[in-house]
Asker: 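Pasting a structure here, questions to come.
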Amino acid sequence: MSRGFSIGIVGGGAAAVCLIDALSRTRSEPGSLTVFEPSPHLWRGRAYQVDTETLKVNATPDDMSVRAGDLQHFEKWLETRDKVIGVRSGVDRWSGSRFAPRTVYGEYLEQTAYAALGELRRQGWRVDLVGEGVASASRAANRVLLRTGNGRARAFDYAVLCVGGDSPKDVYGLGDTPGFTGDPYPIIDKLADVGEQDHVAIIGSGLTAIDIILSLAAQGHQGKISLLSRRGVLPGVRQKAVPFELRHFTPHRMEALAADRPEVSLEDIATIMRAEFRDVGADLDAVVSEIIRVDLEDPVDRLRRQIEEVDSPHMGLRILQRAVPETGPDVWPMLREQDKVQLLRAHYRTIMSLCCPMPPGSAGVLLELVEAGKLEIVAGLQNITPNPEAGFDVVTAEGHDFTADRVVSAVNASEGRIPTSAAPLVTSLMRSRVASRHPHGGLHIARPTSQLTTNGRPDPRLYGLGNIAAGSLFFTFGIPSLVDRSQDIVGAILQHSETVTAASQETTEEVLLTV
């Protein structure tokens, strides 16, 4: 008995959950779905594994829903959970908004995934979960062959790469040096042996670094914490939510613009953004200044100022934080190459720091630690080496050298965005000439469908979701982006499957008529 199409999903993290939920909401001929995930953190990924509840997601529930078209899906799940356990966690004391613990969000991902798989089974789908990674892949006729580490190959009609991101880089080659922690997650285990008075140096100043600081503070750490980076730029501070909708800088407007011209400039984008800002009385120049002056403002002064602006009525940053993840993926492929290079080199990390801000409560704890003399933010990091006697010697460009007892890496993953564990898989796809590396990181994909492309030709049977699309897209990792791209992928698969089925039926009819 023939069945519908088969899908192989490589990776079982948050991206896969978004994809599976989107698939479960369709009504196609039932087929088969196989998920490959070797880690013990199925559905949770690295970011949302079981850990201390001190770690919070950095967005409100409406931005964390994996259900397309239902921004309240996570919020309703949280309310049900609150009633069951009798506790409402994650309410921010500065803004009143809710930022759920990451481990709780991991529960949501798990339950949503299994509910979606249950729905698929009810529709007649066969579902398999394989606790192995995919080591290589190739194309054979109209199928995709996925091979696991033991050499076993499985054939699928479609494959989606949801390989996630990489762990922090060991920039200074500290490796297995006693006292060095290369990957801080799960923090509840990795930092449990930090001495109460230890001087802890954290490499990096992004959201992972904030997680480490908050966790140390929560476990009663009294020693000094040094936050080390080249620039000393902290994530921005999320402002109190104000409801609004984009009117000009929308995916629909970008589609219309793309129909009129092959590429656009930053000046074109600025004109559209000015209209967006003008409609709500916001000041675009103030946001541009926030971006270009980040290295000129003392990081503590910037932190303090942004905390004071949590309740600000000015909408500028709120527009930026909505526009970049919502419309950024549509704008990026249209930009001139020189503009892409300029943005990536000069402003990418600053824009990401503003568009992926920390909760106000987290910022408040950081400021309290700074004012108590327990936390310092050190820019100009040059080198860290093991001290011959004990600890680690830290060298900075500003001459602020010292010795730390512990060093924890919170450095962002490599710019290539291909996780180390997925490198053999990507290499095999490139050797088979069904995938190609993007010069700005990740793999080439077609923006409308997320299909892998080579020489500009999309492959309707191979897809990339999440960080593996970096370079082709500007914003790849936020939940809203994953939800949108999942809808694109499911829609493309269904359309292609229907086309193939229709062509097959026409061929069969022609054969019968000939006979």
Side-chain angles (χ1 to χ4, degrees), residues 12-18 20-21 41-116 164-165 184-188 206-215 217-219 235-243 310 318 321-322 325 355-366 466 477-483 486:
V17 177
C18 295
I20 294 168
D21 190 74
H41 312 299
L42 184 60
W43 313 128
R44 290 174 172 263
R46 177 172 171 269
Y48 307 113
Q49 59 186 293
V50 176
D51 210 331
T52 170
E53 292 201 5
T54 301
L55 310 183
K56 303 292 195 300
V57 298
N58 69 317
T60 51
D62 57 310
D63 269 344
M64 298 299 292
S65 170
V66 302
R67 175 67 52 80
D70 185 1
L71 296 180
Q72 302 304 311
H73 188 255
F74 180 41
E75 179 66 46
K76 289 181 287 190
W77 182 91
L78 278 173
E79 291 175 354
T80 300
R81 184 180 185 276
D82 292 344
K83 293 176 182 178
V84 171
I85 68 174
V87 176
R88 189 171 190 266
S89 60
V91 178
D92 188 274
R93 64 186 178 94
W94 289 79
S95 64
S97 299
R98 190 170 191 183
F99 300 92
R102 287 198 194 177
T103 188
V104 171
Y105 187 70
E107 291 179 30
Y108 165 70
L109 291 174
E110 287 180 338
Q111 293 188 21
T112 302
Y114 287 121
Y185 298 114
I187 284 179
I188 196 170
L207 291 171
T208 299
I210 306 306
D211 282 349
I212 296 166
I213 295 170
L214 297 179
S215 298
Q219 68 187 43
V237 180
R238 187 175 292 279
Q239 295 177 319
K240 191 172 182 179
V242 175
V310 166
R318 296 180 178 93
Q321 290 161 3
R322 174 70 65 81
C355 292
C356 302
M358 61 180 141
S362 300
V365 173
L366 262 62
F477 50 84
I479 294 297
S481 177
L482 295 176
V483 170
S486 293

Asker: Can you name the closest pair of heavy atoms from A16 and W43 and give their distance?
Answerer: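 Minimum heavy-atom contact is CB-CZ3, 4.4 Å.
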Asker: Who pairs with Q321 by side-chain contact (heavy atoms from CB on, under 4.5 Å), at least two apart in sequence or on another chain?
Answerer: R238, L317, P357
Asker: Pair R102, D51 - check salt bridge (charged side-chain N to carboxylate O under 4.0 Å, His left out), show working.
Answerer: CA-CA 8 Å; R102 287 198 194 177; D51 210 331; over 6 Å; no
Asker: Using the side chain to side chain donor-acceptor pair (under 3.5 Å) criterion, which residues pair with R322? Sequence neighbours excluded.
Answerer: none
Asker: Of all residues at least two apart in sequence or in a different chain, which pass the side-chain contact (heavy atoms from CB on, under 4.5 Å) check with P480?
Answerer: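 With sequence neighbours excluded, P480 shows a side-chain contact (heavy atoms from CB on, under 4.5 Å) to D63, given in chain and number order.
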Asker: Is there a side-chain contact between L78 and V104, using heavy atoms and a 4.5 Å cut-off?
Answerer: yes
Asker: How far does OG1 of T80 sit from CD of Q111, to the nearest 0.5 angstrom?
Answerer: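 One gets 9.5 Å once the value is rounded to the nearest 0.5 Å.
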Asker: Restricting to pairs with a member in residues 90-99, which pass salt bridge (charged side-chain N to carboxylate O under 4.0 Å, His left out), not counting sequence neighbours?
Answerer: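 Residue pairs with at least one partner in residues 90-99: D82-R98, R93-E368.
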Asker: Going through the distances and angles, do L55 and L214 end up as a side-chain contact (heavy atoms from CB on, under 4.5 Å)?
Answerer: CA-CA 7 Å; L55 310 183; L214 297 179; 5.5 Å; no
Asker: Going by the rule ring-ring contact (aromatic ring centres under 6.0 Å, His included), which residues pair with H73 if we only count those two or more places apart in sequence or in a different chain?
Answerer: Y108
Asker: Report the residues that fulfil salt bridge (Lys or Arg N to Asp or Glu O under 4.0 Å) with E107, sequence neighbours left out, ordered by chain and then residue number.
Answerer: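 Once residues adjacent in sequence are excluded, the partners of E107 under the salt bridge (Lys or Arg N to Asp or Glu O under 4.0 Å) criterion are R81.
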Asker: Please report the closest heavy-atom contact between P235 and G206, naming both atoms and the distance.
Answerer: CG-C, 3.8 Å
Asker: I need the minimum non-hydrogen distance between P186 and V50, along with the two atoms involved.
Answerer: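 Smallest heavy-atom distance, with atoms named: CB-O, 3.8 Å.
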Asker: Kindly write out the residues that satisfy side-chain contact (heavy atoms from CB on, under 4.5 Å) with V242, not counting sequence neighbours, or none if the list is empty.
Answerer: M315, R318
Asker: Quick check against the 3.5 Å criterion: does S486 have a side-chain atom that pairs as donor or acceptor with the backbone of L482?
Answerer: yes
Asker: What pairs with E53 under side chain to side chain donor-acceptor pair (under 3.5 Å), at least two apart in sequence or on another chain?
Answerer: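 Testing E53 for side chain to side chain donor-acceptor pair (under 3.5 Å), a comparison that skips the adjacent residues, returns none.
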Asker: List the residues meeting salt bridge (Lys or Arg N to Asp or Glu O under 4.0 Å) with D70, not counting sequence neighbours, and say none if there are none.
Answerer: K76
Asker: So do D211 and P184 actually touch side chain to side chain, heavy atoms under 4.5 Å?
Answerer: no
Asker: Run the side-chain contact (heavy atoms from CB on, under 4.5 Å) test on Y185 and I212 for me, step by step, so that the C-alpha distance in whole Å, both residues' side-chain angles and the decisive distance to 0.1 Å come before the verdict.
Answerer: CA-CA 9 Å; Y185 298 114; I212 296 166; over 6 Å; no
Asker: Could you tell me which non-hydrogen atom of S95 sits nearest to which non-hydrogen atom of V310, and how far apart they are?
Answerer: CB-CG1, 4.0 Å
Asker: In chain order, what residues pass the side-chain contact (heavy atoms from CB on, under 4.5 Å) check against A363, with sequence neighbours excluded?
Answerer: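 A363 satisfies side-chain contact (heavy atoms from CB on, under 4.5 Å) with V237, L303, I307, M358 once adjacent residues are dropped.
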Asker: Under a 4.5 Å cut-off applied to non-hydrogen side-chain atoms, are T52 and T103 in contact?
Answerer: no
Asker: Return the set of residues passing salt bridge (Lys or Arg N to Asp or Glu O under 4.0 Å) with E110 (not counting sequence neighbours), or none when no residue passes.
Answerer: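 Residues passing salt bridge (Lys or Arg N to Asp or Glu O under 4.0 Å) with E110: R44.
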Asker: Distance from I188 atom CD1 to Q49 atom CD, nearest 0.5 Å?
Answerer: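 The distance works out to 11.0 Å.
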Asker: Does any part of the side chain of F99, heavy atoms only, come nearer than 4.5 Å to the side chain of T60, both counted from C-beta?
Answerer: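 In short, these two side chains touch, coming nearer than 4.5 Å.
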Asker: Tell me the ring-ring contact (aromatic ring centres under 6.0 Å, His included) pairs involving residues 47-68, sequence neighbours left out?
Answerer: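 Output for this query lists Y48-Y105.
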Asker: Scan I479, V483, L71, L109 and name whichever one has a side-chain contact (heavy atoms from CB on, under 4.5 Å) with M64.
Answerer: I479
Asker: Do the non-hydrogen side-chain atoms of W77 and S65 ever get within less than 4.5 Å of each other?
Answerer: no
